[in-house]
Amino acid sequence: MTDLARLEDLPPDYRNALTAQNLVPLWPSLRALLPEGTPRPNTRATHWSYAAIRPLLLRAGELTPIEKAERRVLVLANPGHGLEKMQASAAIYLGMQLLLPGEWAPAHRHTPNAVRMVVEGEGAWTTVDGEKCSMRRGDLVLTPSGLWHEHGHDGTQPVIWLDVLDLPIVYYLEASYHVNGSRQSQRPGRSDGVYAHGGLLPTEVFSRPGQAYPMLRYPWEQARAALLELADAQPQQSALQLTYSNPETGGDALNILGFYALMLRPGQTLQLPLRSPAMVFHLIEGGATVQVADQQFRLAESDTCCAPGFSAVTLSNNASDTPAFLFMADETPLHRKLGVFEMRGPAPASA
Ligand code: 1HN
């Protein structure tokens with residue numbers, strides 16, 4: 001490929017004349033805009049240790065009252081984008097949020113979609129669109145775009161959860177805003193147990209007819225049991241992965257980011273295919289190593305890491321006698337809708 005002319009190759013008076021008219025020559029930037037063969041992501045493979053985050057987050061609880069924070073969050077920022085951008089990848093925002101006993105994080109709604117993956121503690125709840133969703137370790141709670149939500153805590157110990165939002169892409173689209181509200185009246189969790197069995201859809205009475213998001217809480221107890229049953233039922237299958245989906249449509253739970261629960265059998269190593277979307281891994285249970293290209297992250301429970309798109313990712317269970325359970329988030333729904341989703345080569349067999 002030939003090198004194209006650089007900006008410096010143009011005479012200063014010409015460059016100044018362009019600038020004065022809000023004009024820019026394309027050719028000096030063309031190769032950076034369209035790299036050869038594969039993208040050059042800013043997203044860097046990054047590991048965030050829960051053992052490092054936890055004391056800093058608890059200290060935030062002492063330093064900043066909830067009334068002065070609204071959401072007490074430490075953002076898991078990818079240095080490849082610059083920490084101030086507060087993004088884990090092009091489309092994914094990650095944050096660890098702390099709620100102390102008796103605290104209330106007031107109601108608001110906003111355009112970015114959010115999910116919570118509960119990491120620690122008992123007694124907290126999120127009310128989403130009036131539905132009270134209890135938060136237990138490993139539960140996934142959806143806060144889809146535009147729905148009112150607030151968090152409260154009736155327990156006795158700190159509660160911590162991982163927030164995953166599509167904020168960076170919504171912000172980039174200049175579509176990000178919020179509206180504050182007042183305390184919602186609560187209904188008990190309507191989707192609790194209603195969609196607990198695959199292939200059996202409750203009809204009319206308990207479904208949320210016309211609701212775009214019929215299921216707001218995905219209990220970990222059910223996801224974990226489903227993975228163990230899948231492993232038993234499919235002993236030959238290497239990738240034991242469940243997609244958090246909308247039980248009424250069978251589609252992704254949310255429009256922009258995808259969410260998955262994955263189990264690694266004892267001692268298993270699983271090589272993922274090269275795919276265009278960036279990915280996030282959060283270890284719920286066990287011990288796992290995530291290899292991203294030439295970097296290796298040994299995840300302890302509640303650790304989180306990310307991998308850029310088009311990178312070779314290999315997951316290994318460090319234990320030979322117990323399974324490992326991971327929560328994953330990625331940009332697949334967005335890439336598919338935009339028509340830029342790619343998977344290169346067949347999914348390799350696992351060891
Ligand atoms: C938000 O609304 C929450 O509701 C958490 O708990 C994190 C990060 C950016 C923008 C809005 C929440 C957020 C957020």
Side-chain angles (χ1 to χ4, degrees), residues 48 53 56-57 60-61 64-78 81-121 123-137 139-155 158-184 186 213 216-218 253-257 259 280 282 304 306 327 329 331 334:
W48 294 273
I53 295 171
L56 294 169
L57 192 53
T64 309
I66 193 71
E67 296 75 18
K68 291 285 179 194
E70 283 188 20
R71 300 297 190 265
R72 195 188 289 108
V73 176
L74 292 179
V75 178
L76 282 55
N78 192 304
H81 288 273
L83 298 185
E84 71 288 350
K85 291 279 175 53
M86 295 197 281
Q87 54 193 105
S89 74
I92 304 176
Y93 158 103
L94 298 173
M96 279 284 180
Q97 181 162 173
L98 169 70
L99 200 64
L100 294 171
E103 286 187 335
W104 181 62
H108 67 184
R109 59 190 175 90
H110 43 68
T111 44
N113 295 275
V115 303
R116 334 276 162 204
M117 165 51 54
V118 184
V119 174
E120 169 177 340
W125 43 264
T126 293
T127 304
V128 183
D129 193 24
E131 179 170 333
K132 186 173 182 179
C133 301
S134 55
M135 301 174 92
R136 299 199 188 90
R137 188 164 193 281
D139 289 354
L140 186 75
V141 177
L142 307 187
T143 307
S145 176
L147 299 193
W148 292 108
H149 58 282
E150 64 196 87
H151 316 300
H153 188 350
D154 304 326
V159 166
I160 296 174
W161 63 79
L162 177 69
D163 290 312
V164 186
L165 282 81
D166 49 25
L167 177 62
I169 193 72
V170 177
Y171 183 79
Y172 183 73
L173 295 173
E174 300 185 338
S176 179
Y177 73 95
H178 87 282
V179 179
N180 284 329
S182 51
R183 199 178 276 260
Q184 305 166 76
Q186 290 178 335
Y213 302 99
L216 296 172
R217 175 171 176 263
Y218 297 74
L254 292 175
N255 284 330
I256 296 180
L257 301 182
F259 306 99
V280 166
H282 173 80
T304 306
C306 74
F327 168 65
E331 302 166 333
L334 176 66

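Atoms within each ligand, like the ligands themselves, are counted from 1 in listed order.
Looking only at distances, no side-chain donor or acceptor of R136 sits under 3.5 Å from a matching main-chain atom of V118. The backbone N or O of D166 sits nowhere less than 3.5 Å from a side-chain atom of N113 that would complete a donor-acceptor pair. At least one donor-acceptor pair closer than 3.5 Å links the side chain of E331 to the backbone N or O of A91.
Annotation for ligand 1: atoms under 4.0 Å from non-hydrogen atoms of H149 are 2 (O), 4 (O). Set against the non-hydrogen atoms of Y93, the atoms of ligand 1 under 4.0 Å away are 7 (C), 8 (C).
At least one N or O atom of H108, backbone or side chain, sits closer than 3.5 Å to an N or O atom of ligand 1. Inclusion of R116 in the set of residues having an N or O under 3.5 Å from an N or O of ligand 1 is warranted. Checking only distances, W161 never comes within under 3.5 Å of ligand 1, N or O to N or O.
Residue T143 does not touch ligand 1, judged by heavy-atom distances below 4.0 Å.
Residues forming a side chain to side chain donor-acceptor pair (under 3.5 Å) with Q186 (at least two apart in sequence, or on another chain): T127.
Proximity annotation for atom 1 (C) of ligand 1: of Q97, H151, H178, H110, H110 comes nearest, heavy atoms only.
Closest protein heavy atom to atom 9 (C) of ligand 1: L167 CD2, 3.6 Å. At the shortest separation from atom 13 (C) of ligand 1 among protein heavy atoms lies L165 CD2, 4.0 Å. Shortest contact from atom 7 (C) of ligand 1 to any protein heavy atom: D163 OD2, 3.7 Å. Atom 4 (O) of ligand 1 has as its closest protein heavy atom R71 NE, 2.8 Å.
By the 30° and 60° cut-offs, the orientation of the rings of F259 relative to F327 is parallel. Below 30°, between 30° and 60°, or above 60°: for H151 and H149 the angle between ring planes is between 30° and 60°, a tilted geometry.
Identified under the salt bridge (charged side-chain N to carboxylate O under 4.0 Å, His left out) test for residues 95-116, with sequence neighbours left out: R72-E103, R116-D163.
Here the straight-line distance linking atom SG of C133 with atom CG of D139 works out to 9.5 Å at 0.5 Å rounding.
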